[in-house]
Amino acid sequence: MFTNTVQPNIVSLFSSTSSEPLSLFSQQTDGSLAADSFIHFLNDASSLPSPSPPAVLCSMPALDDNGEPNIGYGLHQTVLHIQSPTLRMTFIRSPGDRDLGLKHKWLHLQVRNVGREWSFEIGIVDKSGRRGIVRCSTFQKEPKLAISPVPNAQPVLHLPLSFPQPSSRPLTAWSTITLNLPSLIPHFNTLASMNQLDDGEGSRRDIDRSATLSTTNITVPSGTYSHLSYIKIYATCRLRRIWLSDLLPDSQVPWEFELYGA
């Protein structure tokens with residue numbers, strides 16, 4: 001998609017306040033759960049406009065131990081609300097069926113914790129063309145490498161993800177998640193060498209590495225990072241922006257990328 005284009009230091013894939021925020025994304029919802037599986041733009045502070053019936057917004061979690069209303073923690077901006085109890089069936093993805101080809105080292109996501117399980121995943125490619133998936137989930141307890149028996153299926157590195165706890169008294173309900181993409185590649189081989197393999201159904205297997213590698217033909221990314229192939233944001237969260245950069249996380253970014261208190 002962007003492989004043969006000049007790539008500036010910062011590339012914005014999604015902005016909830018742009019004129020066509022989902023122009024680079026496909027989307028899917030769970031048709032069997034019309035009241036609780038939907039993708040909807042709204043004002044973060046007021047949660048308006050409400051989604052079309054029969055869809056019903058979930059309630060926002062308290063941000064402190066006293067359960068006080070979250071007044072002042074929201075953004076007076078339009079954001080994307082992605083909601084569903086079935087994470088894998090409700091998501092946005094960029095691109096739909098092509099390769100992003102973005103070579104930046106850093107990925108940034110601005111998301112709001114809405115008190116439900118949440119997950120996102122990315123596809124990464126090394127210089128030799130070996131592909132893998134990195135999935136970050138709030139329900140994951142420890143890093144695992146999932147290997148599917150399906151031919152040509154990509155290995156999935158599943159990593160735990162957590163939002164600030166209410167006791168930490170965050171200044172906002174929003175978080176900026178930053179990933180250094182080249183640093184993720186060594187974890188594929190590390191978990192394989194430690195026999196921390198998973199059958200893809202969530203149960204860990206302690207198995208003989210040499211036998212597994214020879215019988216299932218596991219090919220994992222290794223060596224030098226090449227590019228990001230796709231990104232997929234699952235339910236349930238609120239999303240403000242996704243961008244990639246070659247700048248260090250503490251470098252100055254355009255003012256519109258920053259989070260400001262209301």
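Bear in mind that the values here come from a model prediction, so they are computed numbers and not experimental data.
- Residues Thr176 and Gln110 come closest through the heavy atom pair OG1-CG, 3.4 Å.
- For NZ of Lys103, the number of neighbouring non-hydrogen atoms (other residues, nucleotides, ligands) closer than 6.0 Å is greater than 12.
- Residues Leu80 and Ile233 have side chains not in contact (no heavy-atom distance under 4.5 Å, counting atoms from C-beta outward).
- To the nearest 0.5 Å, atom CD1 of residue Ile82 and atom OG1 of residue Thr29 are 11.5 Å apart.
- A donor-acceptor pair under 3.5 Å is absent between the side-chain atoms of Tyr234 and the main chain of Cys237, judged by distance alone.
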Test side chain to side chain contact (heavy atoms under 4.5 Å, CB included) on Phe120 and Leu179 and set out the steps.
CA-CA 12 Å; Phe120 74 91; Leu179 292 179; 3.9 Å; yes
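- Checked options Val79, Thr78, Thr17; the residue passing with Phe41 is Thr78 (criterion: side chain to side chain contact (heavy atoms under 4.5 Å, CB included)).
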For a side chain to side chain contact (heavy atoms under 4.5 Å, CB included) check, start with the C-alpha distance between Ser245 and Ile10, then their side-chain angles and the critical distance, and finish with the verdict.
CA-CA 4 Å; Ser245 73; Ile10 299 177; 4.0 Å; yes
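- Identified under the salt bridge (charged side-chain N to carboxylate O under 4.0 Å, His left out) test for residues 3-24, with sequence neighbours left out: none.
- Side-chain contact between Thr236 and Thr90 is absent, with no heavy-atom pair separated by less than 4.5 Å.
- Test Arg238, His81, His76 against Asp44 for side chain to side chain donor-acceptor pair (under 3.5 Å) and you get one pass: Arg238.
- Residues Ile124 and Val11 fall within the same hydrophobic cluster, defined by Ile, Leu, Val, Met, Phe, Trp and Tyr side chains chained together at heavy-atom separations under 4.5 Å.
- One distance of note links CD of Glu121 with CD1 of Ile231; it measures 9.5 Å at 0.5 Å rounding.
- Taking all atoms of both residues into account, the shortest heavy-atom contact from Glu117 to Phe139 is OE2-CB, 3.5 Å.
- Minimum interatomic distance between Ser229 and Asp99 (heavy atoms only, all atoms of both residues): CA-OD1, 3.4 Å.
- What you find for Pro51 and Leu57 is that their closest heavy atoms are CD-CG, 3.7 Å.
- Taking every heavy atom of both residues into account, Gly115 and Asn113 meet most closely at N-OD1, 2.9 Å.
- Under the 30°/60° scheme for interplanar angles, the aromatic rings of His108 and Trp106 are found to lie parallel.
- Considering every non-hydrogen atom in both Ser15 and Arg241, the closest pair reads OG-NH2, 3.3 Å.
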Cut-off 3.5 Å, no hydrogens considered: what does the side-chain donor-acceptor table look like for residues 151-163, sequence neighbours left out?
residue : atom : partner : partner atom : Å
His158  : ND1  : Gln140  : OE1          : 3.3
His158  : NE2  : Ser137  : OG           : 2.7

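- Using a 4.5 Å heavy-atom cutoff, the side chains of Ile147 and Leu145 are in contact.
- Tyr230 and Leu102 fall into different hydrophobic clusters, where Ile, Leu, Val, Met, Phe, Trp and Tyr are joined by side-chain heavy atoms under 4.5 Å apart, directly or via other members.
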